[in-house]
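One-based numbering along the sequence shown.
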Amino acid sequence: MTLEGTGGLHGRVALVAGATRGAGRGIAVELGARGATVYVSGRSTPGRRSEYDRPETIEETAELVTAAGGRGIAVVADHLVPGEVEALVRRIDAEQGRLDVLVNDIWGGELLFEWDSTVWEHDLDKGLRLMRLAVETHAVTSHFAVPLLLREPGGLVVEMTDGTADYNATRYRVSFFYDIAKSCVLRMAFALGHELGPRGATAVALTPGWLRSEMMLDAFGVREENWRDALAEVPHFAISETPAYVGRAVAALAADPEVSRWNGQSLSSGRLARVYGFTDLDGSRPDAWRYLVEVQDPGHPADTTGYR
């Protein structure tokens, strides 16, 4: 079943919570490219930045969605504030009367986690803030948005995380707080699948691979046009992917009339690319999580042959 380059989402309504940049922006744009109306929410707007203090805004994301062929609607919302999330969902209901896709991509923790820092060494305020941003926001958003999503059969909830359930089950991820946060989101998808499945909807957990987000490119001092220059410093970065890749994964799921087969499961962009036939922007199909297990983690030299 190949959905790349097709429509299939005209008349469908999506909410991408946490769509300012990175995977959220990529997902919103790819849903728009298939004709969906996409509400994009976040805290960064002209004149008011989040603690990231970065230039990207939800208004820019909405414009990209519209330019791709959909309809992008930016709504400022802090997903830690229940009243703001409730108002966002009420607005979607008033304007559209339905919600077909919910993507919980709220994160906000890039400046909060400390690599290989134990629970007693890690800054406690930062660790607890990370947990709230990565976990509580998803619960708040689902609490208010899922009833609207269940109004029509076939709804889809996508819980965005870092790592598959299989990979994370046996590996320590970054630090105590980071590890717990990402594992919680995986379990959220499982729990939502249990609750949504009998009610005609589907929930999945989804992870991109090594994402060439705006922040990652900046960290390497490169742009998307010359990202391979970073391989001199980190050769395994060769397996990386654009935000559009995981965006196409979500779009493929949303357009699949048999999406319920994935209910409660942990998925990756690379795995879904093999099933649905979509590619990254350069025509490749990076499979980062298989690459990590078979090449990077065992300490082999970087070689993406057979992995993209």
Inspect the contact between D100 and R98 and indicate whether a charged nitrogen and a carboxylate oxygen are less than 4.0 angstrom apart.
yes
For residues L133 and L80, determine if any side-chain heavy atom of one lies less than 4.5 Å from a side-chain heavy atom of the other.
yes
Give the ring-plane orientation class for Y276 versus W262, where under 30° counts as parallel, over 60° as perpendicular and anything between as tilted.
tilted
Note, T164 side chain near L267 side chain (heavy atom, < 4.5 Å)
no
P208 to W289 - nearest heavy-atom pair and separation:
O-NE1, 2.9 Å
I'd like to check R25 versus V16 (side-chain heavy atoms, cut-off strictly below 4.5 Å). Are they in contact?
no
How close do L150 and L196 get, counting heavy atoms only, and between which atoms?
CD2-CD2, 4.0 Å
Quick check: do F177 and L124 have side-chain heavy atoms less than 4.5 Å from each other?
yes
Please tabulate, for side-chain N and O atoms in residues 199-207, each donor-acceptor pair with protein atoms closer than 3.5 Å (sequence neighbours left out).
from, atom 1, to, atom 2, distance (Å)
R199, NH1, E195, O, 2.7
T207, OG1, T161, O, 3.4
T207, OG1, G163, N, 2.9

Return yes if a side-chain donor-acceptor contact under 3.5 Å exists between T279 and R285, otherwise no.
no
Find out whether H79 and L88 are in side-chain contact, i.e. whether some heavy atom of one side chain is under 4.5 Å from a heavy atom of the other.
yes
Is the number of heavy atoms from other residues, nucleotides or ligands under 6.0 Å of R173 CZ greater than 12?
yes
If you compare all heavy atoms of M131 against all heavy atoms of I180, which two are closest, and at what distance to 0.1 Å?
CE-CG2, 3.5 Å
My understanding is that only one of R274, R308, R271 makes a salt bridge (charged side-chain N to carboxylate O under 4.0 Å, His left out) with D287; could you say which?
R274
Whether F237 and F220 hold their rings parallel, tilted or perpendicular, with breakpoints at 30° and 60°:
tilted
Hey, does M160 have a side-chain heavy atom less than 4.5 Å from the side chain of V158?
yes
Hey, are R71 and T37 close enough side-chain-wise for a donor-acceptor pair under 3.5 Å?
no
Pair W227, S240 - check side-chain contact (heavy atoms from CB on, under 4.5 Å), show working.
CA-CA 9 Å; W227 69 269; S240 64; 3.3 Å; yes
